[in-house]
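In what follows, a single structure is set out as structure tokens and then discussed.
Residue numbers run from 1 in the order of the sequence given. Remember, it's a predicted structure, so these values are computed and weren't measured experimentally.
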Amino acid sequence: MQLIFEKSCEGRSCSMMPSCDVPVCEIPASLKRESAPKLPQMAEVDISRHYTELMKRTHGVNDGFYPLGSCTMKYNPKINDEMANLAGFAGLHPLQPVHTVQGALEALSVLESYLDEITGMDAMTFQPAAGAHGEFTGLLMIKAYHKANGDLKRNKIIVPDTAHGTNPASCTMAGFKVISIPSNEDGCVDLDKLRSVVGEDTAGLMLTNPNTVGIFDKNILEITKIIHEAGGLNYYDGANLNAVMGIVRPGDMGFDVIHLNLHKTFSTPHGGGGPGAGVVGCKNILAPFLPLYHTVKSGEGYEMEAPAQSIGSVRSFYGNYGIAIRALCYVMTLGKEGIPEASSNAVLNANYMRVNLQDEFDIAFNNICMHEFVISLTRTKKDKGVTALDFAKALLDYGVHPPTMYFPLIVDEALMVEPTETESKDTLDEVVRIFKEILKNANENPEALHEAPHTTPVSRLDEVKAAREPVLRYEY
């Protein structure tokens with residue numbers, strides 16, 4: 001397929017601008033480019049066909065099964081897009097006077113109250129642009145809390161080995177030292193190891209529950225208690241909230257601050273670089289440290305308030321507002337009954353697939369799981385030389401997007417499968433059949449899997465070279 005620059009033809013265009021009906025203001029020479037930008041010159045129909053061709057080469061939830069573990073790649077109703085695109089929302093400017101955006105502020109306030117109820121938190125900020133940005137924001141709030149209490153020695157954050165990869169990175173960015181603790185044989189936090197590392201320098205704990213192997217930690221109340229008794233705070237990574245929303249609340253588990261991926265759990269297509277929303281919620285003890293600004297009820301209306309000890313802005317204005325509207329529409333559509341039903345179906349679908357695959361595949365921590373489970377292909381690699389990467393590439397030939405590979409790190413040759421609640425039994429049965437067929441092919445004709453995929457527009461790429469020597473610009 002040609003690049004759009006290669007399709008460019010000198011002199012072609014699709015602009016039909018009317019004659020200028022206002023005085024012409026010349027741009028100062030000092031502000032002008034030395035040469036015109038080298039933009040493609042194309043007719044409108046050629047542009048449309050180019051991007052349609054690109055669209056046909058991509059795979060999304062509208063194309064087929066997308067079980068990207070820990071990322072909740074689920075179908076999101078299009079009505080949520082329609083609501084976010086209403087002129088009263090999409091046409092706003094962040095610098096408008098507060099009295100002209102009362103409806104928009106009310107929408108934020110209502111969504112905040114719903115998310116507070118779902119998570120067991122007391123206050124929310126919609127500023128963070130994505131999950132890792134939310135982590136960083138929450139950690140800055142923890143840091144500000146300890147500083148306000150004169151407890152400057154607390155400089156360590158405890159992170160289990162089942163954590164998402166962004167957790168230790170966020171800790172480092174926030175100026176904390178990371179203390180990693182291992183999991184026990186059940187895939188949960190080792191309580192003895194946890195007790196051995198807490199102390200006067202413990203600032204907090206970062207934990208995902210259910211964790212990245214799809215297990216809800218049965219000791220969660222003891223875990224958060226240990227941290228609190230040591231004087232630390234508990235941070236909840238909300239990436240896996242899709243498994244428990246409406247059923248259990250992080251606030252009731254003992255967590256003090258949380259981030260939610262609105263772009264994963266509460267509508268808005270996830271992936272492709274965004275936009276996202278890593279909303280951060282907190283208990284009252286951390287509310288004074290929320291970023292600027294926070295929506296509050298004032299008399300008959302709403303206004304934006306600066307929290308007393310705010311950590312400052314973490315993004316321009318109020319975050320990705322359209323994502324919040326999508327989430328509001330999603331929550332209001334599902335309601336009190338639909339939210340827990342979505343979680344229950346996510347758990348049901350994951351266990352249905354796990355049970356139907358367990359006789360032929362090695363399932364790590366093969367007990368009742370939550371929203372996802374992890375397959376280990378160590379035996380297949382040892383016996384036939386077929387790796388998790390080979391298996392994932394083979395899935396592409398069947399129109400199935402591969403699950404997350406080689407994560408979590410505590411499982412060798414891992415494939416993390418998350419079917420989500422929006423998939424039907426028919427789809428799951430077909431995917432189970434595909435998984436078993438690929439495993440059969442791996443045992444009977446392993447060489448074919450080393451060359452997979454065979455039917456996609458491009459076959460297997462040199463991913464190491466692509467990561468280390470990316471070509472990010474077109475040379476004329």
Side-chain angles (χ1 to χ4, degrees), residues 94 98 101 104-151 154 157 166-167 170-171 173-176 203-206 228 232-239 241 249-251 254-263 265-266 276-298 301-321 323-325 327-328 331:
V98 171
V101 292
L105 295 183
E106 182 179 1
L108 280 183
S109 182
V110 171
L111 177 58
E112 178 178 355
S113 67
Y114 288 154
L115 296 181
D116 283 343
E117 176 62 28
I118 291 171
T119 61
M121 294 291 133
D122 298 313
M124 293 269 169
T125 176
F126 294 92
Q127 261 208 344
H133 196 196
E135 292 174 16
F136 182 61
T137 300
L139 288 165
L140 290 181
M141 292 167 63
I142 289 176
K143 191 171 187 177
Y145 170 85
H146 290 308
K147 182 178 180 181
N149 291 331
D151 212 350
R154 298 192 178 275
I157 297 288
T166 51
N167 287 178
S170 296
C171 291
M173 282 191 64
F176 290 109
L205 168 79
M206 289 192 82
H228 280 157
L233 298 177
N234 292 297
Y235 183 97
Y236 183 92
D237 183 328
L241 194 74
R249 309 192 310 173
F255 288 94
D256 305 290
V257 58
I258 170 178
H259 89 261
L260 303 175
N261 294 293
L262 296 189
H263 53 286
T265 311
F266 296 97
V279 174
V280 170
C282 65
K283 292 289 194 178
N284 282 325
I285 59 169
L286 287 174
F289 307 99
L290 283 168
L292 302 171
Y293 286 89
H294 183 229
T295 306
V296 295
K297 191 83 166 66
S298 177
Y302 297 85
E303 61 182 37
M304 301 303 286
E305 180 181 79
Q309 297 168 278
S310 175
I311 60 171
S313 294
V314 294
R315 192 185 180 283
S316 56
F317 302 111
Y318 315 119
N320 291 328
Y321 183 76
I323 310 304
I325 297 303
L328 176 60
V331 173

Considering all heavy atoms of both residues, which atom of [X] and which atom of [Y] are nearest to each other, and what is their separation?
| X | Y | result |
| --- | --- | --- |
| G134 | V280 | O-CG2, 3.4 Å |
| N261 | G131 | OD1-CA, 3.0 Å |
| V98 | Y302 | CG1-O, 3.4 Å |
| P250 | I258 | CG-CD1, 3.7 Å |
| A324 | L262 | CA-CD1, 4.1 Å |
| E305 | P307 | O-CD, 3.3 Å |

Please identify which of these residues, L105, V296, T295, meets the side-chain contact (heavy atoms from CB on, under 4.5 Å) condition with E303.
V296

Within a 6.0 Å radius of atom CZ on F317, are there more than 12 heavy atoms belonging to other residues, nucleotides or ligands?
yes

Take a 6.0 Å sphere around NZ of K147 and say whether it holds more than 12 heavy atoms from other residues, nucleotides or ligands.
no

Rounded to the nearest 0.5 Å, how far does [atom2] of [Y] lie from [atom1] of [X]?
| X | Y | atom1 | atom2 | value |
| --- | --- | --- | --- | --- |
| L292 | T125 | CG | OG1 | 9.0 Å |
| C171 | M206 | SG | CE | 5.0 Å |
| K143 | I157 | NZ | CD1 | 10.0 Å |
| R154 | L233 | CZ | CG | 8.5 Å |
| Y235 | S170 | OH | OG | 7.0 Å |
| M121 | L286 | CE | CG | 9.0 Å |

Any donor-acceptor pair under 3.5 Å linking the side chain of [X] with the backbone of [Y]?
| X | Y | answer |
| --- | --- | --- |
| S310 | A306 | no |
| K283 | F255 | no |
| Q127 | G319 | no |
| N234 | L205 | no |
| E135 | D237 | no |
| H263 | A129 | no |
| S113 | V110 | yes |

What verdict does the side-chain contact (heavy atoms from CB on, under 4.5 Å) test give for L328 and V331, after you've listed the backbone C-alpha separation in whole Å, the side-chain angles of each residue and the deciding distance to 0.1 Å?
CA-CA 5 Å; L328 176 60; V331 173; 5.7 Å; no

Give the C-alpha distance, both sets of side-chain angles, the deciding distance and a yes or no for side-chain contact (heavy atoms from CB on, under 4.5 Å) between L290 and T137.
CA-CA 9 Å; L290 283 168; T137 300; over 6 Å; no

If you measure only the distance, is there a donor-acceptor pair under 3.5 Å linking the side chains of H259 and Y236?
no

Any chance the side chains of N320 and R315 put a donor and an acceptor closer than 3.5 Å?
yes

Under 4.5 Å between any side-chain heavy atoms of M124 and T119, yes or no?
yes

Within a strict 4.5 Å, meaning less than it, do heavy atoms of the C282 and M141 side chains meet?
yes

Please walk me through it: do F126 and L111 pass side-chain contact (heavy atoms from CB on, under 4.5 Å)?
CA-CA 10 Å; F126 294 92; L111 177 58; 3.4 Å; yes

With sequence neighbours left out, what residues match Q309 under side chain to side chain contact (heavy atoms under 4.5 Å, CB included)?
A148, P288, F289

Can you list everything that forms a side chain to side chain contact (heavy atoms under 4.5 Å, CB included) with A104? Sequence neighbours excluded, please.
L92, V101, Y321

Decide yes or no on side-chain contact (heavy atoms from CB on, under 4.5 Å) for L115 and L260, but give the supporting numbers first.
CA-CA 9 Å; L115 296 181; L260 303 175; 4.1 Å; yes

Hey, could you give me each pair passing salt bridge (Lys or Arg N to Asp or Glu O under 4.0 Å) that has a residue in residues 107-124? Not counting sequence neighbours.
E117-R249

